[in-house]
K.L.:
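One structure, as structure tokens, below. Some questions next.
Whatever order the structure lists ligands and atoms in, that order sets their numbers, starting from 1.
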Amino acid sequence: MILILLGAPGSGKGTQAGRISDMRGIPHISTGDIFRKNVKEGTELGRKAKEYIDKGLLVPDKVTNGIVEDRMSKADCSKGFILDGYPRTTAQAEMLDSVLSRMGVKADAALNIKVPDADVIHRLSGRSVCRCGETYHVDYKTPKKKGICDKCGNKLYVRDDDKQETVRKRLKEYHEKTSPIIDYYRKAGILIDIDGIPLPDMVTESIVDVLKSLETL
Ligand code: AMP
């Protein structure tokens with residue numbers, strides 16, 4: 001199964017992608033995670049990406065498309081994968097279509113996790129994350145021990161791009177460049193809206209229901 005997860009920053013798509021990936025045993029491909037790993041490791045890609053990420057801007061398509069194409073060609077993607085945070089522009093969506101058609105496959109669905117801007121700002125401003133991928137929030141999900149990940153015991157940190165000014169720029173980028181691809185997938189007949197406001201477990205339930213219905217088609 002090939003799934004595309006769409007949604008504003010902070011809509012919960014990373015959390016949901018991780019859960020579906022665990023349930024289905026297919027890789028979770030997050031361009032944001034790939035960039036952050038490269039920034040941490042100080043690679044050339046990381047250096048380039050950081051210039052944009054720190055400003056809340058999208059990394060240019062020619063940088064981003066290459067890393068996704070490379071990741072999708074790995075053996076563990078042969079049974080499918082979940083794209084989280086990619087595509088984010090119409091040019092990326094078109095590029096994805098052409099890569100998938102070269103691979104002889106098609107995306108099964110583009111799940112659009114819908115959350116209003118005000119909720120996004122509130123969610124991101126209280127968020128802390130762990131390098132293992134777990135996410136916490138001061139109001140909704142606190143770790144058992146302050147500042148420490150329940151899952152792996154590592155120290156939690158606040159992402160640089162979760163600062164309020166950067167969050168606003170990320171949202172602006174989302175509305176200008178990413179939201180047009182909602183229509184792109186609607187026209188392609190694979191868009192499914194998911195209400196992202198309820199608690200994460202309920203959002204997961206809605207997604208599982210959608211996946212079940214896709215399988216019975
Ligand atoms: P995320 O973790 O998905 O919110 O991504 C964090 C940041 O990485 C974004 O604000 C962008 O600067 C960059 N990024 C992630 N995915 C993409 C993409 N598909 N295209 C361009 N930039 C991206």
Side-chain angles (χ1 to χ4, degrees), residues 2-18 20-21 27-41 43-72 81-100 107 110-113 115 117 119-137 156-182 184-185 196:
I2 297 175
L3 292 176
I4 298 167
L5 286 202
L6 303 174
S11 59
K13 57 188 187 314
T15 302
Q16 299 301 333
I20 307 161
S21 158
H28 167 195
I29 302 178
S30 155
T31 39
D33 285 349
I34 296 174
F35 287 138
R36 278 185 290 279
K37 185 169 179 281
N38 276 274
V39 169
K40 211 165 157 210
E41 290 169 356
T43 66
E44 178 60 19
L45 168 66
R47 198 189 52 72
K48 255 191 236 161
K50 190 171 171 11
E51 279 176 41
Y52 297 89
I53 295 173
D54 286 353
K55 292 184 190 135
L57 300 174
L58 292 185
V59 177
D61 289 341
K62 62 178 189 303
V63 177
T64 310
N65 283 333
I67 61 163
V68 179
E69 184 171 4
D70 181 57
R71 181 65 189 87
M72 290 189 305
F81 45 87
I82 302 160
L83 290 170
D84 156 22
Y86 183 91
R88 260 175 150 112
T89 63
T90 307
Q92 289 180 11
E94 286 165 355
M95 169 72 184
L96 176 63
D97 275 350
S98 71
V99 175
L100 293 179
L111 307 181
N112 177 32
I113 305 184
V115 176
D117 283 5
D119 296 60
V120 161
I121 292 169
H122 177 66
R123 285 182 186 191
L124 293 184
S125 53
R127 178 163 87 165
S128 58
V129 296
C130 177
R131 62 172 186 238
C132 77
E134 277 296 284
T135 303
Y136 297 85
H137 191 279
L156 302 178
Y157 63 95
V158 175
R159 278 172 46 173
D160 282 343
D161 60 347
D162 279 350
K163 288 177 191 137
Q164 214 180 47
E165 196 38 46
T166 318
V167 166
R168 287 188 193 281
K169 281 202 198 124
R170 287 165 66 197
L171 265 174
K172 191 167 173 273
E173 284 281 88
Y174 171 76
H175 288 298
E176 283 175 14
K177 296 181 181 159
T178 307
S179 59
I181 65 174
I182 292 170
Y184 180 94
Y185 287 114

K.L.:
Between the side chains of D33 and H28, is a donor N or O closer than 3.5 angstrom to an acceptor N or O?
P.N.:
no
K.L.:
I'd like to know whether CD of Q164 has more than 12 heavy-atom contacts from other residues, nucleotides or ligands below 6.0 angstrom.
P.N.:
no
K.L.:
Regarding ligand 1, does V59 bring an N or O atom to under 3.5 Å of one of the ligand's N or O atoms?
P.N.:
yes
K.L.:
Could you tell me if the side chain of Y86 sits less than 4.5 Å from the side chain of I29, heavy atoms only?
P.N.:
no
K.L.:
Show which atoms of ligand 1 fall inside a sub-4.0 Å distance from at least one heavy-atom site of R36.
P.N.:
2 (O), 6 (C)
K.L.:
Evaluate the side-chain proximity of R88 to E173: yes if any heavy-atom separation is below 4.5 Å, no if none is.
P.N.:
no
K.L.:
Has R131 got more than 12 heavy atoms of other residues, nucleotides or ligands less than 6.0 Å from its CZ?
P.N.:
no
K.L.:
Give the residue, atom name and distance (to 0.1 Å) of the protein heavy atom nearest atom 15 (C) of ligand 1.
P.N.:
R88 NH1, 3.1 Å
K.L.:
Once you restrict to heavy atoms under 4.0 Å, what part of E173 touches ligand 1? Side chain, backbone, both or neither.
P.N.:
neither
K.L.:
Would you mind checking if K169 and D161 are paired as a salt bridge, meaning a charged N to carboxylate O distance below 4.0 Å?
P.N.:
no
K.L.:
Do T166 and D54 come within less than 4.5 Å of each other through their side chains, counting heavy atoms only?
P.N.:
no
K.L.:
For ligand 1, which atoms sit closer than 4.0 Å to a heavy atom of Q92?
P.N.:
18 (C), 19 (N), 20 (N), 21 (C)
K.L.:
Looking at T64, which atoms of ligand 1 are within less than 4.0 Å of one of its heavy atoms?
P.N.:
18 (C), 19 (N), 20 (N), 21 (C)
K.L.:
Side chain, backbone, both or neither: which applies to R159 and ligand 1 if a contact is any heavy-atom pair less than 4.0 Å apart?
P.N.:
side chain
K.L.:
Where the closest heavy atom to atom 12 (O) of ligand 1 is concerned, which of V68, L58, L57 has it?
P.N.:
L57
K.L.:
Given side chains that start at C-beta, do those of K48 and E44 come closer than 4.5 Å, heavy atoms only?
P.N.:
yes
K.L.:
Should you measure from each heavy atom of R170, which atoms of ligand 1 turn up under 4.0 Å away?
P.N.:
4 (O), 10 (O)
K.L.:
Checking a contact table here: which protein heavy atom is nearest atom 8 (O) of ligand 1, and how many Å away?
P.N.:
I53 CG1, 3.7 Å
K.L.:
Among all protein heavy atoms, pick out the one at the shortest distance from atom 23 (C) of ligand 1; state its residue, atom name and that distance to 0.1 Å.
P.N.:
F35 CE1, 3.7 Å
K.L.:
Is any side-chain heavy atom of Y184 closer than 4.5 Å to a side-chain heavy atom of D97?
P.N.:
yes
K.L.:
Go through ligand 1 atom by atom and flag the ones less than 4.0 Å from a non-hydrogen atom of G85.
P.N.:
16 (N), 17 (C), 18 (C), 19 (N)
K.L.:
May I ask you to list the atoms of ligand 1 that are less than 4.0 angstrom from any heavy atom of D161?
P.N.:
6 (C)
K.L.:
Is T31 close to ligand 1, meaning an N/O of one under 3.5 Å from an N/O of the other?
P.N.:
yes
